**Student:** 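The structure is given below, and queries will be raised subsequently.
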Amino acid sequence: MLRMSNLLLRTLRDDPADAEVASHKLLVRAGFVRRIAAGIYSWLPLGYITYRNIENIVREEMDAAGFQEVHFPALLPKEPYEKTNRWNEYGPDLFRLKDRKENDFLLGPTHEEMFTLMIKGEFSSYKDLPISIYQIQTKYRDEPRPRSGIIRGREFVMKDSYSFDIDDAGLEESYQKHRASYIKTFDRLGLKYNIVSAMSGAMGGSKSEEFLAPCETGEDTYVLCNSCGFAANVEAMKTRIENKNIVVENFPSMEIFDSPNTPTIDSLVDLLNNKFGGNHQASDTLKNVLLVADGKPISVLVPGDREVDLKRLQANLSGIQDIRLFEDADFAKNPGLVKGYVGPQDAKKFGLTLYADPRVSVGTSWITGANQKDKHVRNVVHGRDFEVTEFVEAAEVKAGDLCPNCASPVIIDRAIEIGHIFQLGRKYAKALDLTVLDRDGKSQVVTMGSYGIGVSRAVAAIAEQTHDELGLCWPREVAPADIHLVATGKDSEIFSLAEKFAKELESLGWRVLFDDRADASPGVKFKDAELIGIPYILVVGKGVSEGKVEFRIRKSGEKKDLQITEAISEINTILNS
RNA sequence: CGGGGCGUAGCGUAGUGGCUAGCGCGCCUGCUUUGGGAGCAGGAGACCGGGAGUUCGAAUCUCCCCGCCCCGACCA
């Protein structure tokens, strides 16, 4: 039983000045956490109980799925991370330190290397596979900008697991097992979430999904279709296009025209409408975004009303490591390209590789730059006047774009990423030479899956999704107690009755937070109870003289009087239901 | 790393060159009070982020450093 009279807890009346988001403000105000440095927090008793409840749910579901828990050090030597080149690749986000002998160490940002080496050290046969192992561990990342309190810290707790399989079919099965286990876990945590297809990007994997907990203060944006439930990371959104069968030869031929002083798409559209009449729009023009991809000039074609989303482009451009926008020096090296007047029709001549957003489909006709200063050209037809090397999802995604599944307009929603599962493949196994012998005695590189849950982040995500204007409002399983018993008044009869209730509830197996403070006023106790957010509140106070106590539901605000004689059994029934 | 803002007691804050740095919450003592963050009285608690400088005099002005928050870049 937790007694408020001696609990290490001081609730705050005012929001802390450095907090912006609700979870941060409330977790500090309710005495769950305290900031130690930017992105680094201590957990106080109520916070730590809540955190551990979450950790235990995660652990129980992992164990239930048959995964085995291990534990690595947080402090690690450099060598394994050098083999996978992450000592360099991770850059300044890696916390690095030296021991007294000047050897390099790091604080683990993630543990792929260690998991891989653990399996390599113990197992060497296909008969040992499949296996999934996990740990719940403090991770360190020297984020450029920690923010939003507990949501993005430099020290945080993550459950990470890895599956090891001999082949792709096995990996798929392990992946699905994790997926199912995550669904159970997040359901128990009382989180609302969407499973969103994601790009596995440069990690070299194939399939990847994120578990996103929608909330306004989330820092991830994703695409959601309210009609069919389709959800995707912006990078993984697929453009839906009408499949027109257009005969390109039927278009009028290209026509160059003067277009001075049209540095922007808007000014070009104005000129078009003045010159040619009609109702020209930004979407009739073709934007040629010049980039340098692995040292070579490329052009990405998008409709004039869209920006290129570089992250999306990079995620979808296969086989390209590094990408950056054209700079003045690049224009100098490519004299044919006139800044502001680039068009795709001369790309071959310029040695420019063309990529196009799917909207720039074959058979579409565009107004674009004429590759001459102050001149544009119209009736530039894809398939007649230019060809592209590859279509690539490059344009920014907007609310109202059509769902690739059901063609309804999608919305752009915000969320906190609480879990991520993906098929890593053989990248780490190859780098660290994790092989097993197969049935034929041949050496095979193991294929891996990687699965994460932000455990400490989940505390904040739940707070974000469940709080109200009065305070925190924990789902039953994660709450620091089942019932918050408040004794008000100074009558010793009331306190001894409350004491008796507290003991009875505890002996029935319920976790009780007992506000037995003798000096706090009823108002203070009620406010604290609402701020702390335990799901049920039992008030033993002025009603006692009439033989009653008051039972409250934190979330709904519902109150009802119970007869003292029946209170415990009624509450027991409610808590059991 | 670019832009903006902040740093005064445990928390929230006032104080733009002049007396002993003020207030609210919280804390301690006493009395009163006990169903919505009680009242009165007394009290403890601050190297005003650090350093250097300007000045008769610096929380206040100048420079450097450190820390923190927000937007962006970046990122699981």
Side-chain angles (χ1 to χ4, degrees), chain A residues 8-21 24-25 28-31 34-40 44 86 89-94 108-112 139-149 151-154 156-160 198-203 208 210-212 217 219-220 233 235 310-311 314-315 324-325 416-422 424 450-457 470-471 486-492 494-495 515 517-531 537 539-546 548-550 552 557 559 561:
Chain A
L8 175 50
L9 172 71
R10 192 108 294 154
T11 58
L12 303 177
R13 224 175 262 225
D14 302 305
D15 286 334
D18 59 2
E20 198 75 12
V21 301
H24 189 193
K25 288 179 184 171
V28 171
R29 278 190 56 211
R34 292 288 181 256
R35 193 183 67 79
I36 297 301
I40 301 176
L44 279 65
R86 289 166 96 198
E89 259 174 23
Y90 228 94
D93 284 11
L94 191 62
T110 166
H111 285 75
E112 280 84 355
K139 308 277 183 179
Y140 297 86
R141 290 182 200 172
D142 194 359
E143 294 275 348
R145 185 150 89 81
R147 70 186 101 174
S148 308
I151 296 174
R152 171 178 292 257
R154 292 192 293 173
F156 57 97
V157 177
M158 183 165 142
K159 186 288 301 175
D160 53 333
M199 300 293 298
S200 39
M203 296 302 277
S208 169
E210 289 172 350
F211 289 71
L212 298 184
T217 53
E219 46 183 329
D220 285 12
N233 192 304
E235 282 84 7
L310 279 180
K311 274 175 81 174
Q314 176 128 41
R324 64 175 171 82
L325 286 169
I416 301 171
E417 183 185 345
I418 47 171
H420 194 169
I421 53 178
F422 72 102
L424 247 188
S450 157
Y451 318 90
I453 290 179
V455 180
S456 50
R457 177 180 277 186
L470 296 173
V486 177
T488 66
K490 56 172 186 176
D491 197 338
S492 65
I494 287 173
F495 274 80
D515 194 344
R517 290 175 295 178
D519 45 357
S521 70
V524 169
K525 293 183 178 183
F526 294 150
K527 290 284 183 204
D528 278 348
E530 283 148 1
L531 180 61
I537 300 165
V539 185
V540 179
K542 70 173 184 186
V544 169
S545 57
E546 298 152 32
K548 289 175 186 161
V549 291
E550 185 179 276
R552 301 180 177 183
K559 301 177 183 180
D561 283 338

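Only a predicted model underlies this, so the values are computations on that prediction, with no experimental measurement involved. Worth knowing before you read on, the calculation uses all heavy atoms, side chains too, and leaves out hydrogens, waters and symmetry mates. So you know, we letter chains A, B, ... as the sequences are listed, proteins then strands, and number each from 1.
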**Student:** Between B/A58 and B/U20, how many Å separate the two P atoms, rounded to a whole number?
**Tutor:** 12 Å
**Student:** How far apart are the C-alpha atoms of A/His420 and A/Ser208, what are their side-chain angles, what is the distance that settles it, and do they pass the side-chain hydrogen bond (donor to acceptor under 3.5 Å, both in side chains) test?
**Tutor:** CA-CA 7 Å; A/His420 194 169; A/Ser208 169; 2.8 Å; yes
**Student:** Which of the following nucleotides, B/A73, B/C75, B/C68, is nearest to the side chain of A/Ala37?
**Tutor:**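 My answer, after comparing the listed nucleotides, is B/C68.
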**Student:** Could you work out the separation of B/G50 and B/U8 based on their P atoms and round it to a whole Å?
**Tutor:** 10 Å
**Student:** Roughly how far apart, to the nearest Å, are B/G30 and B/C68 at atom P?
**Tutor:**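 B/G30 and B/C68 have their P atoms separated by 41 Å.
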**Student:** Give me the distance, rounded to whole Å, that separates B/U55 from B/C40 when you measure between the P atoms they each carry.
**Tutor:** 49 Å
**Student:** Would you call A/Asp142 and A/Arg154 a salt bridge, taking side-chain N to carboxylate O under 4.0 Å as the test?
**Tutor:** yes
**Student:** With a 4.0 Å cut-off, would you call A/Asp18 and A/Lys25 a salt bridge?
**Tutor:**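 Looking at A/Asp18 and A/Lys25, the cut-off is not met.
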**Student:** B/C68 C1' sits how many Å from A/Arg34 CZ, rounded?
**Tutor:**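 Roughly 17 Å, once rounded to whole Å.
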**Student:** What pattern of brackets, bars and dots sums up RNA chain B from 5' to 3', given Watson-Crick or G-U wobble pairs under 3.5 Å, [ ] for crossing pairs and | for another strand?
**Tutor:** ((((((((.[[[[.)..(...]]]].((((((.....)))))).....[[[[[..)....]]]]])))))))....
**Student:** Whole-Å distance between B/G35 P and A/Lys527 NZ?
**Tutor:** 15 Å
**Student:** Using the P atom on both, measure B/G26 against B/C66 and round to a whole Å.
**Tutor:**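 Result for the P pair: 38 Å, nearest Å.
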**Student:** Measure CD/A/Glu89 against P/B/C75 and give the value in whole Å, please.
**Tutor:** 12 Å
**Student:** Over all strands shown, is A/Val28 touching base, sugar-phosphate only, or nothing at heavy-atom distances under 4.0 angstrom?
**Tutor:** nothing
**Student:** What is the separation between atom CD1 on A/Ile36 and atom C1' on B/G67, rounded to the nearest whole Å?
**Tutor:**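 Between C1' of B/G67 and CD1 of A/Ile36: 14 Å.
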**Student:** For A/Lys490, enumerate each residue passing the side-chain contact (heavy atoms from CB on, under 4.5 Å) test, keeping only those at least two apart in sequence or located in another chain.
**Tutor:** none
**Student:** Tell me whether A/Arg141 contacts the main-chain N or O of A/Asp93 through its side chain, where contact means a donor paired with an acceptor under 3.5 Å.
**Tutor:**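 The answer is no, because no donor-acceptor pair under 3.5 Å joins these two groups.
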**Student:** Remember a base hit wins even if backbone is also touched, and classify A/Thr110 as base, sugar-phosphate or nothing at under 4.0 Å, heavy atoms.
**Tutor:**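 Nothing, no heavy atom under 4.0 Å.
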**Student:** Quantified in whole Å, what is the C1' atom distance between nucleotide B/G17 and nucleotide B/G53?
**Tutor:**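 My reading of the C1' atoms in B/G17 and B/G53 gives 16 Å.
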**Student:** Tell me whether A/Lys542 is salt-bridged to A/Asp491, with the criterion being a basic N under 4.0 Å from an acidic carboxylate O.
**Tutor:** no
**Student:** Atom CZ of A/Arg147 to atom P of B/G67: distance rounded to whole Å?
**Tutor:**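 A/Arg147 atom CZ is separated from B/G67 atom P by 19 Å.
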**Student:** What I'd like to find out is whether the side chain of A/Ile416 reaches to under 4.5 Å of the side chain of A/Ile151, using heavy atoms alone.
**Tutor:** yes
**Student:** Have a look at A/Gly452 and say if it touches a base, only the backbone sugar-phosphate, or nothing, with a 4.0 Å heavy-atom cut-off.
**Tutor:**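 The answer is nothing, as A/Gly452 stays clear of every strand by at least 4.0 Å.
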**Student:** Consider the side chain of A/Arg10, meaning its heavy atoms from C-beta on, and name the nucleotide among B/C75, B/C27, B/C70 that approaches it most closely.
**Tutor:**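 Minimum distance to the A/Arg10 side chain belongs to B/C27.
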**Student:** Can you tell me the distance, in whole Å, between the CD atom of A/Glu20 and the P atom of B/C69?
**Tutor:** 11 Å
**Student:** Rounded to whole Å, please give me the gap between CD in A/Glu550 and P in B/G35.
**Tutor:**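 The distance from CD of A/Glu550 to P of B/G35 comes to 13 Å, rounded to the nearest Å.
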**Student:** In whole Å, what separates the P atom of B/U62 from that of B/U54?
**Tutor:**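 The answer is 15 Å between these two P atoms.
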**Student:** With a 4.0 Å cut-off on N to O distance, would you call A/Glu20 and A/Arg147 a salt bridge?
**Tutor:** no
**Student:** Under 4.0 Å between any heavy atoms, over every strand shown, what does A/Glu219 touch: base, sugar-phosphate, or nothing? Just pick one.
**Tutor:**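 The answer is nothing, as A/Glu219 stays clear of every strand by at least 4.0 Å.
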**Student:** Going 5' to 3' through nucleotides 4-14 of chain B, assign each nucleotide B (protein heavy atom under 4.0 Å from a base atom), S (under 4.0 Å only from sugar-phosphate atoms) or - (no protein heavy atom that close).
**Tutor:** --------SS-
**Student:** Just to confirm, is there a sub-4.0 Å distance from OP1 or OP2 of B/C71 to any side-chain nitrogen or oxygen of A/Arg145?
**Tutor:** yes
**Student:** Output all residues satisfying side-chain contact (heavy atoms from CB on, under 4.5 Å) with A/Leu44, sequence neighbours left out; order by chain, then residue number.
**Tutor:**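 A/Leu44 satisfies side-chain contact (heavy atoms from CB on, under 4.5 Å) with A/Arg34 once adjacent residues are dropped.
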**Student:** Just how far, in rounded Å, is P of B/C74 from CG of A/Leu310?
**Tutor:**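 A/Leu310 atom CG is separated from B/C74 atom P by 8 Å.
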**Student:** Side-chain contact, heavy-atom cut-off 4.5 Å: A/Phe526 with A/Val539?
**Tutor:**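 Touching, per the 4.5 Å side-chain cut-off.
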**Student:** Is any side-chain N of the basic residue among A/Glu112 and A/Arg86 closer than 4.0 Å to the acidic one's carboxylate O?
**Tutor:** yes
**Student:** Grab the N/O contacts between the protein and nucleotides 38-43 of chain B below 3.5 Å, and write none if there aren't any.
**Tutor:**
residue: B/A38; atom: OP2; partner: A/Ser521; partner atom: OG; Å: 3.0

**Student:** Base, sugar-phosphate alone, or nothing: which one does A/Arg552 contact when heavy atoms must sit under 4.0 Å apart?
**Tutor:**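 Base: the residue A/Arg552, judged by heavy atoms under 4.0 Å, touches a nucleobase.
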**Student:** Could you check whether A/Asp160 gets within reach of a base, just the sugar-phosphate, or nothing at all, counting any heavy atom under 4.0 Å?
**Tutor:**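 Contact class for A/Asp160: none.
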**Student:** Can you check the distance between B/C27 and B/G67, where both ends of the measurement are the C1' atom (answer in whole Å)?
**Tutor:** 27 Å
**Student:** For the side chain of A/Arg152 and the base of B/C75, is some donor closer than 3.5 Å to an acceptor across the two?
**Tutor:** yes
**Student:** Between the side chain of A/Ser456 and the main-chain N/O of A/Phe156, is any donor-acceptor distance below 3.5 Å?
**Tutor:** no
**Student:** Taking for each residue the nucleotide of RNA chain B with the nearest heavy atom, is it A/Ser148 or A/Arg29 whose nucleotide lies nearer the 5' end?
**Tutor:** A/Arg29
**Student:** Suppose we screen for salt bridge (Lys or Arg N to Asp or Glu O under 4.0 Å). Which residues come up paired with A/Glu143, at least two apart in sequence or across chains?
**Tutor:**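 If we apply the salt bridge (Lys or Arg N to Asp or Glu O under 4.0 Å) test to A/Glu143, skipping adjacent residues, the hits are A/Arg152.
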**Student:** When we call it a touch if two heavy atoms are under 4.0 Å apart, what does A/Ser450 touch: a base, just sugar-phosphate, or nothing?
**Tutor:** nothing
**Student:** Nearest to the side chain of A/Arg35, which nucleotide is it out of B/C27, B/G35, B/C68?
**Tutor:** B/C68
**Student:** Do A/Asp519 and A/Arg517 sit within salt-bridge range, that is, some charged N less than 4.0 Å from a carboxylate O?
**Tutor:**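 Between A/Arg517 and A/Asp519 there is no salt bridge, as every charged N stays at least 4.0 Å from the carboxylate O atoms.
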